[in-house]
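Beneath this line is the structure, given in structure tokens, with notes to follow.
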Amino acid sequence: MVRWCQGVVAGVDGSEEGYRALDWAAGAADRHDARLTVIGAFVVPLVPVPVGGVMSAAGLHAGTDRVVERALVRLGARRPGGRQVATEVVPGAAAHVLVQRSRLANLIVVGRRGLGAVNRLLAGSVSSAVAAMAHG
């Protein structure tokens, strides 16, 4: 077995596909005695929105916090790689955040589709972008 010193990063978006990818990432972390980091990313809107709205920066951050918390609940008491699971909620486009994080990880794991077809057309595929641009 090869030990991965830089760890495994799982990007979650709240979709079932994203949580299945998290399960796979946890298994990979176990197999390689690696740290697992769960990351949720959110994009802050460029246009002003009413305070307290769902699309406010605070609302988006809170929603992403909940997604990451559900990921921890899904993992339960598991400690992939024998370590505490690290979590991060980061402002920025998910693909960009994960590509940047690929500089410091042995493996980046994302689900194959989280957005609906229309949003995927407008926002692009995070998995495709990460596969095309990840470092390493």
Side-chain angles (χ1 to χ4, degrees):
M1 169 188 74
V2 174
R3 183 166 187 267
W4 289 347
C5 297
Q6 293 179 301
V8 176
V9 171
V12 294
D13 63 359
S15 69
E16 185 56 32
E17 287 285 338
Y19 290 133
R20 275 190 241 148
L22 171 68
D23 295 339
W24 193 93
D30 280 337
R31 286 188 296 280
H32 293 279
D33 192 27
R35 173 185 73 249
L36 175 63
T37 303
V38 178
I39 295 182
F42 63 97
V43 177
V44 177
L46 297 176
V47 295
V49 292
V51 174
V54 175
M55 293 298 290
S56 70
L60 291 167
H61 191 282
T64 306
D65 275 335
R66 286 189 294 277
V67 166
V68 170
E69 183 59 36
R70 281 194 299 269
L72 289 179
V73 168
R74 185 176 181 110
L75 290 172
R78 286 185 68 189
R79 293 174 52 99
R83 295 172 174 79
Q84 190 70 28
V85 175
T87 62
E88 294 182 35
V89 175
V90 184
H96 176 76
V97 167
L98 294 169
V99 166
Q100 292 306 310
R101 187 47 68 92
S102 72
R103 295 174 186 265
L104 305 172
N106 293 103
L107 180 68
I108 302 289
V109 179
V110 296
R112 63 186 173 101
R113 69 183 87 174
L115 298 172
V118 172
N119 287 332
R120 198 168 39 253
L121 178 65
L122 296 173
S125 168
V126 171
S127 57
S128 295
V130 171
M133 296 184 288
H135 301 273

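Keep in mind that the numbers below use all heavy atoms, side chains included, and drop hydrogens, waters and symmetry copies.
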Donor-acceptor contact present, side-chain Arg74 to main-chain Arg70, <3.5 Å: no
Does the side chain of [X] reach to within under 4.5 Å of the side chain of [Y], using non-hydrogen atoms?
| X | Y | answer |
| --- | --- | --- |
| Val68 | Val12 | yes |
| Val110 | Glu17 | no |
| His96 | Val99 | no |
| Val97 | Phe42 | no |
| Leu22 | Leu36 | yes |

Can you tell me how far apart NE2 (His135) and CZ (Arg101) are? Round to the nearest 0.5 Å.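 Those atoms lie 12.0 Å apart.
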Non-hydrogen atoms of [X] and [Y] that approach each other most closely:
| X | Y | value |
| --- | --- | --- |
| Gly111 | Ser127 | O-CB, 3.6 Å |
| Ala105 | Val9 | CB-CG2, 3.8 Å |
| Ala29 | Pro80 | CB-CB, 3.8 Å |
| Ala28 | Leu107 | CB-CD2, 4.1 Å |
| Arg79 | Gln84 | NH1-OE1, 2.8 Å |
| Ala93 | Val43 | CA-CG2, 3.7 Å |

Given side-chain contact (heavy atoms from CB on, under 4.5 Å), test Gln6 with Arg103 step by step and report yes or no. CA-CA 9 Å; Gln6 293 179 301; Arg103 295 174 186 265; over 6 Å; no
So if you build clusters from Ile, Leu, Val, Met, Phe, Trp, Tyr with side-chain heavy-atom gaps below 4.5 Å, do Leu104 and Val38 land together? no
Option passing side chain to side chain contact (heavy atoms under 4.5 Å, CB included) with Ile108 (candidates Val8, Leu98, Thr37, Ile39):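 Testing each of Val8, Leu98, Thr37, Ile39 against Ile108, the sole residue satisfying side chain to side chain contact (heavy atoms under 4.5 Å, CB included) is Leu98.
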Could you check whether the rings of Trp4 and His32 sit parallel, tilted or perpendicular, using 30° and 60° as the cut-offs? parallel
Sequence neighbours left out, what passes salt bridge (Lys or Arg N to Asp or Glu O under 4.0 Å) with Arg78? Give chain and number order.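 With neighbours one apart ignored, the set is Asp30.
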